[in-house]
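As structure tokens, the structure follows; a few thoughts come after it.
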Amino acid sequence: MSLRARPTVTLAPQPPGMTHRFHAMVKPVGAACNLNCTYCYYLHKEGLLHQSGAPRMSDALLEQHIRQYIEAQTGDEVIFSWQGGEPTLLGVDFFRKVVALEAKYQKPHQRIENDLQTNGTLLDGEWAAFLKQHRFLVGLSCDGPKRLHDRFRVTKGGQPTHDQVMAAARLLKQHGVPFNALCVVNRENVKYPLDVYRFLTRDLGVNRVQLIACVEPKVFRDVAPQRWDPASLPVVGTPQARPGAPDSVVTDWSVDPDDWGAFLCKIWDDWYARDYGKVHEDLFETAVAQSLGLPSQRCVTAEFCGKGMAVEHNGDVFACDHYVYPDYRLGNIQEMHLGTMAYCGRQQNFGFAKRDALPRQCRECPHLKLCWGECPKNRLVRTPDGEAGLNYLCPGMKRFYTHIQRDMPEIQRRVQKERGTAPSS
């Protein structure tokens, strides 16, 4: 498809004092990856989106995306997130073009930041020097100790990758590149919470951790989220609502909801006793913030979603990174401005549906304002009275939120003391 003439920006009128801010996760290499992780939710996009050969965002399309993304946002910071697949397959020169184009279109007094999610296996000295020079924040995928990481994160030939990840971590440290750990919590490593958490924070040596629950319906390769037959969804707490049953709604590698709750509780206790204020675990930090009446720091626990889209290598834009299915395609940046798609009625409805589609059980839950039904893509089960739309992880999340309430009064006192707002005795 040839590039069209530069489209007109048709953003909605901006109320006084308001800023346009949204996030787009860019997939410049599509679903292409040098690994074959068993649980990957994106590899199948090669077939679903008909990505043949070696997908790659063209230079012209890259410039169009960067220009539109900066153009559409009026805040003082614009964050570019580069993911895949495996974005480092494109090589360092592609990202040299990225930073040059960002400088070209950067607005006065605007700060441009970049983050790169990688499996780490292709990083070398040239990569590390570039990432350091241009202040990229790196997300390094690691599922814990070797025996757990290598269970699912393997090469195309089925070979383990843990040693390569550790080498990448050493390289990034040597060059002073900031990086955090993204850990996919699956049916296996969920059974070893402290092994996972302590490995990431002590052996891998990061002070920022993302723990992502692996939840994939068995039909995820063909059926988009919320396109399931509600009558076919299992009731929460039944064998079909857990991994391992022959007729389970999820894949065998998906995390068990009860195990997920136990995992979070165990790590919370260790984090609160040893690492509070030292290690940023995003689910814990946002639970603290929300308990203090502050906004969620994560889309999955926010009241609304829709501000985080996905841009594929060919310019197609989707409602969310986990909704890259034809059903949720918003358009293409060669035909419609990215900012227009970000604030279009269809995307706004998608975002509001996160709250508006909650079942009664969620709306009456004491933890509603900490959870907001978690990610809609995980709403795979029905409530005990048969209402669809309950989150698959609900039993585990309820256990976790109940567990941490005992520590919230002390955390609130700490925060008040730090801010100098503690009540006088």
Side-chain angles (χ1 to χ4, degrees), residues 182-187 189-191 193 196-197 209-217 225-226 233-238 240-243 248-251 253-272 281-305 320 322 353-385 387-408 411:
L182 187 151
C183 175
V184 177
V185 184
N186 52 69
R187 192 180 174 193
N189 62 358
V190 73
K191 301 169 186 174
V196 169
Y197 176 71
V209 177
Q210 274 187 291
L211 302 172
I212 307 296
C214 182
V215 179
E216 294 296 347
Q226 275 77 62
L233 301 179
V235 173
V236 63
T238 61
Q240 293 77 20
R242 304 179 68 171
S248 172
V249 71
V250 296
T251 58
W253 56 82
S254 293
V255 68
D256 181 277
D258 291 333
D259 288 347
W260 174 240
F263 178 89
L264 292 177
C265 291
K266 195 72 173 177
I267 294 179
W268 168 277
D269 290 343
D270 196 58
W271 171 81
Y272 187 58
E281 198 296 308
D282 63 339
L283 179 57
F284 298 170
E285 295 286 348
T286 200
V288 169
Q290 289 172 272
S291 294
L292 297 173
L294 300 173
S296 172
Q297 301 171 7
R298 308 168 77 236
C299 61
V300 297
T301 53
E303 184 174 2
F304 309 108
C305 61
C320 169
H322 287 281
K354 184 178 193 293
R355 177 199 64 186
D356 296 343
L358 286 171
R360 181 173 58 86
Q361 178 174 316
C362 290
R363 296 195 302 270
E364 296 176 355
C365 178
H367 307 302
L368 172 63
K369 293 187 178 181
L370 296 179
C371 176
W372 291 109
E374 214 256 348
C375 184
K377 82 170 185 71
N378 294 334
R379 296 179 184 177
L380 296 167
V381 298
R382 290 180 290 148
T383 65
D385 60 6
E387 188 177 3
L390 186 64
N391 197 290
Y392 168 85
L393 294 171
C394 178
M397 297 302 296
K398 288 174 71 173
R399 177 176 176 178
F400 169 65
Y401 288 128
T402 299
H403 180 77
I404 67 176
Q405 292 311 306
R406 67 180 187 186
D407 296 320
M408 286 305 168
I411 289 175

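When reading the values below, keep in mind they use all heavy atoms of this one structure, side chains included, and skip hydrogens, waters and symmetry mates.
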How many angstroms lie between [atom1] in [X] and [atom2] in [Y], if you round to the nearest 0.5 Å?
X	Y	atom1	atom2	value
Thr301	Leu370	OG1	CG	8.5 Å
Leu283	Leu211	CG	CG	7.5 Å
Arg379	Gln226	CZ	CD	7.0 Å
Ile411	Tyr272	CD1	OH	4.5 Å
Gln405	His367	CD	NE2	6.5 Å
Asp282	Gln297	CG	CD	8.5 Å

Of all the heavy-atom pairs spanning [X] and [Y], show the shortest one and how long it is.
X	Y	result
Lys377	Val215	NZ-O, 3.1 Å
Ala287	Met408	O-CE, 4.1 Å
Gly389	Pro359	O-CD, 3.5 Å
Ala302	Ser296	N-OG, 3.6 Å
Phe284	Leu264	CZ-O, 3.7 Å
Trp372	Arg355	CZ3-CG, 4.1 Å

Self-check item: Donor-acceptor contact below 3.5 Å, side chain Asn189 vs main chain Val184
Solution: yes
Exercise. Return yes if some donor-acceptor pair links the side-chain N/O of Ser254 with the main-chain N/O of Glu216 below 3.5 Å, else return no.
Key: yes
Quiz item: Among all residues two or more places apart in sequence or in another chain, which pass the ring pair (Phe, Tyr, Trp, His ring centres under 6.0 Å) test with Trp253?
Solution: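 Trp253 satisfies ring pair (Phe, Tyr, Trp, His ring centres under 6.0 Å) with no other residue.
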Exercise. Indicate yes or no: at least one non-hydrogen side-chain atom of Phe400 is less than 4.5 angstrom from one of Cys371.
Key: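 They are not in contact (no side-chain heavy atoms under 4.5 Å apart), so the answer is no.
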Any residue meeting side-chain hydrogen bond (donor to acceptor under 3.5 Å, both in side chains) with [X], in chain and number order, not counting sequence neighbours:
X	answer
Trp271	none
His322	none
Ser291	none

With sequence neighbours excluded, what pairs up with [X] under the side chain to side chain contact (heavy atoms under 4.5 Å, CB included) test?
X	result
Cys299	none
Gln361	Thr383, Pro384, Leu390, Cys394, Lys398
Thr238	Pro234, Val235, Gln240, Ala241
Asp269	His403, Arg406

Suppose we screen for salt bridge (charged side-chain N to carboxylate O under 4.0 Å, His left out). Which residues come up paired with [X], at least two apart in sequence or across chains?
X	result
Glu285	none
Arg382	none
Arg360	Glu364, Asp385

Quiz item: Passes side chain to side chain contact (heavy atoms under 4.5 Å, CB included), Phe263 versus Val255? Steps please.
Solution: CA-CA 10 Å; Phe263 178 89; Val255 68; over 6 Å; no
Quiz item: Pick one: which of Val250, Val300, Asn391 meets side chain to side chain contact (heavy atoms under 4.5 Å, CB included) with Asn378?
Solution: Asn391
Exercise. Sort and list the pairs that fulfil side chain to side chain donor-acceptor pair (under 3.5 Å) and have at least one residue in residues 256-267, not counting sequence neighbours.
Key: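 Qualifying pairs: Arg242-Asp256.
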